[in-house]
Chemist: 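Handing you a structure now.
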Amino acid sequence: MSDETDAGATRDDGDDSDGDTPSDRVPVLLVHGDREFLVEPGEEMGTDLGVLEVPTDVEAGETVETHLGDAFEVRRLRGPDLFHHFERTGAPMVPRDIGLVIGETGIAQGDRVLDAGTGTGVLAASMARAGADVVTYERDADFADVARENMALGGIEDAVDVRTGDLLEHVGDLEPSSFDVLTLDTGDAADAVTHAPELLVEGGFVAVYSPFIESTREVVETAREVGLANVRTRETIQREMQFDDRGSRPSTAPVGHTGYLTVARNV
């Protein structure tokens, strides 16, 4: 979790005397002003406002009070909340870029996605919440462990298979033409793109995110060389608008560039 949302909080998983297990429970958000906590029903959490005992049957729209009487609103977990509440092992992909990946590739219920460069796991989790089954590779064993914990925290651990290792070393272990989408957020993405035609179903998509132009160009050239179609790259950039008594204009804050997204199709 980010610093502004979990300060002063301690957790107790509670008991499972009601027969539920943690994997049966859908996490919810508890909100009080600018404080937000992502918790599982049945948890007990200590905060600077007192101890919260979250009922196992808690539902969105209800309120839960600490033992000191401070009320927290219960909200249903939404995809963008994962960005703010997952434990971070680096800079996760931001929600707008995740939206572009899902929108450009049409990821939906029943799709099978192969992902590399798991990191915090926000992209993998978001694709799973869209209905896909995700296999994701993370080279760093510690990062992979954190990603697995994040999947459990997000309630989608059954839909995301976090594997420790380098995708390029395990391509031979994967069934050919068995994935609908290939998503890559790694420095050697171009090398992985060479395997896209053998890994993807006909009509499947590959989506590559990179913060650098040089690696993006290499991805584009490789995609064309291996026969992928409809290869296109967009810079992901967004300007926040500012509205006040003086007038309306784009914010003077730094321009919201995050990186480059390349999408291609296996036809």
Side-chain angles (χ1 to χ4, degrees), residues 1-96 98-99 118-132 134 136 138 140-162 164:
M1 290 188 184
S2 56
D3 293 339
E4 68 270 22
T5 57
D6 67 348
T10 58
R11 295 170 179 266
D12 181 359
D13 291 336
D15 62 55
D16 296 318
S17 58
D18 59 358
D20 288 339
T21 62
S23 61
D24 296 326
R25 304 171 186 167
V26 179
V28 295
L29 279 178
L30 297 184
V31 182
H32 178 94
D34 61 354
R35 294 176 173 85
E36 292 185 0
F37 302 104
L38 182 58
V39 301
E40 289 180 350
E43 274 193 287
E44 180 178 294
M45 172 178 285
T47 78
D48 56 338
L49 297 177
V51 177
L52 281 164
E53 293 186 2
V54 186
T56 56
D57 59 351
V58 70
E59 295 184 359
E62 298 178 345
T63 59
V64 178
E65 291 189 357
T66 70
H67 78 290
L68 298 178
D70 287 292
F72 281 74
E73 177 188 352
V74 180
R75 294 181 186 170
R76 185 165 66 90
L77 176 69
R78 307 292 298 184
D81 296 320
L82 306 178
F83 177 80
H84 299 290
H85 291 276
F86 272 3
E87 181 179 346
R88 298 189 179 186
T89 52
M93 189 177 291
V94 300
R96 74 161 181 266
I98 291 171
T118 315
T120 297
V122 175
L123 175 60
S126 298
M127 294 188 294
R129 285 178 59 82
V134 183
T136 180
E138 171 55 53
D140 189 297
D142 292 334
F143 287 9
D145 286 340
V146 171
R148 294 185 189 101
E149 293 172 0
N150 283 339
M151 298 308 114
L153 184 64
I156 34 76
E157 66 270 36
D158 292 339
V160 182
D161 179 4
V162 180
T164 303

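Residue numbers count from 1 along this sequence.
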Chemist: Can you find a heavy atom in the side chain of Val74 that is under 4.5 Å from one in the side chain of Leu29?
Modeler: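 No, side chains not in contact.
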Chemist: Counting C-beta onward and ignoring hydrogens, is there a side-chain heavy-atom pair between Ile156 and Arg129 closer than 4.5 Å?
Modeler: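 SC-SC contact between Ile156 and Arg129 confirmed.
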Chemist: Has the side chain of His32 got a donor or acceptor atom that lies under 3.5 Å from a matching backbone atom of Ala71?
Modeler: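 The answer is yes, because a donor-acceptor pair under 3.5 Å joins these two groups.
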Chemist: Applying side chain to side chain contact (heavy atoms under 4.5 Å, CB included) to Phe72 and Glu36, what does each step give before you reach the verdict?
Modeler: CA-CA 9 Å; Phe72 281 74; Glu36 292 185 0; over 6 Å; no
Chemist: Who passes side chain to side chain contact (heavy atoms under 4.5 Å, CB included) against Arg148, sequence neighbours left out?
Modeler: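 Arg148 satisfies side chain to side chain contact (heavy atoms under 4.5 Å, CB included) with Ala144, Asp145, Val162, Thr164 once adjacent residues are dropped.
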Chemist: Where do Val160 and Ala128 come nearest, in terms of heavy atoms and distance?
Modeler: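 Nearest heavy atoms, Val160 then Ala128: CG2-CB, 3.5 Å.
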Chemist: Checking Thr89 now: which residues fulfil side chain to side chain contact (heavy atoms under 4.5 Å, CB included) with it, not counting sequence neighbours?
Modeler: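 Scan of Thr89 (side chain to side chain contact (heavy atoms under 4.5 Å, CB included), adjacent residues dropped) gives Thr120, Phe143, Val146.
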Chemist: Please check if the side chain of Glu138 supplies one atom and the backbone of Gly119 the other of a donor-acceptor pair under 3.5 Å.
Modeler: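 Yes; judged by distance alone, with no hydrogens or angles, the pair exists.
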Chemist: Identify the two heavy atoms, one from Glu40 and one from Ala152, that lie closest to each other, and give their separation to 0.1 Å.
Modeler: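 Heavy atoms only, the tightest pair is OE2-O, 3.9 Å.
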Chemist: Which heavy atom in Val134 sits nearest to a heavy atom in Ala124, and how many Å separate them?
Modeler: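 Closest heavy-atom pair between Val134 and Ala124: CG2-O, 3.8 Å.
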Chemist: Counting distance only, does the side-chain N/O of Arg76 pair as donor-acceptor with the main-chain N or O of Gly61 below 3.5 Å?
Modeler: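 No; zero donor-acceptor contacts below 3.5 Å.
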Chemist: Please report the shortest heavy-atom distance between Gly154 and Leu82, naming the atom on each side.
Modeler: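 Heavy atoms only, the tightest pair is CA-CD2, 4.3 Å.
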Chemist: Taking Asn150 for its side chain and Val122 for its backbone only, find out whether a donor-acceptor pair lies under 3.5 Å.
Modeler: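 Looks like no, no N/O pair under 3.5 Å.
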Chemist: Inspect the contact between Arg35 and Asp48 and indicate whether a charged nitrogen and a carboxylate oxygen are less than 4.0 angstrom apart.
Modeler: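 A salt bridge is present here (some side-chain N lies under 4.0 Å from a carboxylate O).
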Chemist: Considering all heavy atoms of both residues, which atom of Pro41 and which atom of Thr56 are nearest to each other, and what is their separation?
Modeler: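 Scanning both residues completely, I find the closest heavy atoms to be CB-O, 3.4 Å.
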Chemist: Would you call Met151 and Phe86 a side-chain contact if the rule is heavy atoms closer than 4.5 Å?
Modeler: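 SC-SC contact between Met151 and Phe86 confirmed.
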Chemist: Is the backbone N or O of Leu49 less than 3.5 Å from a side-chain atom of Thr66, with the two atoms forming a donor-acceptor pair by type?
Modeler: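 At least one qualifying donor-acceptor pair exists.
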Chemist: Given side chains that start at C-beta, do those of Val64 and Pro55 come closer than 4.5 Å, heavy atoms only?
Modeler: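 Counting from C-beta outward, Val64 and Pro55 do come under 4.5 Å.
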Chemist: When you compare the side chain of Leu30 with that of Leu52, does any pair of heavy atoms fall below 4.5 Å?
Modeler: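 Touching, per the 4.5 Å side-chain cut-off.
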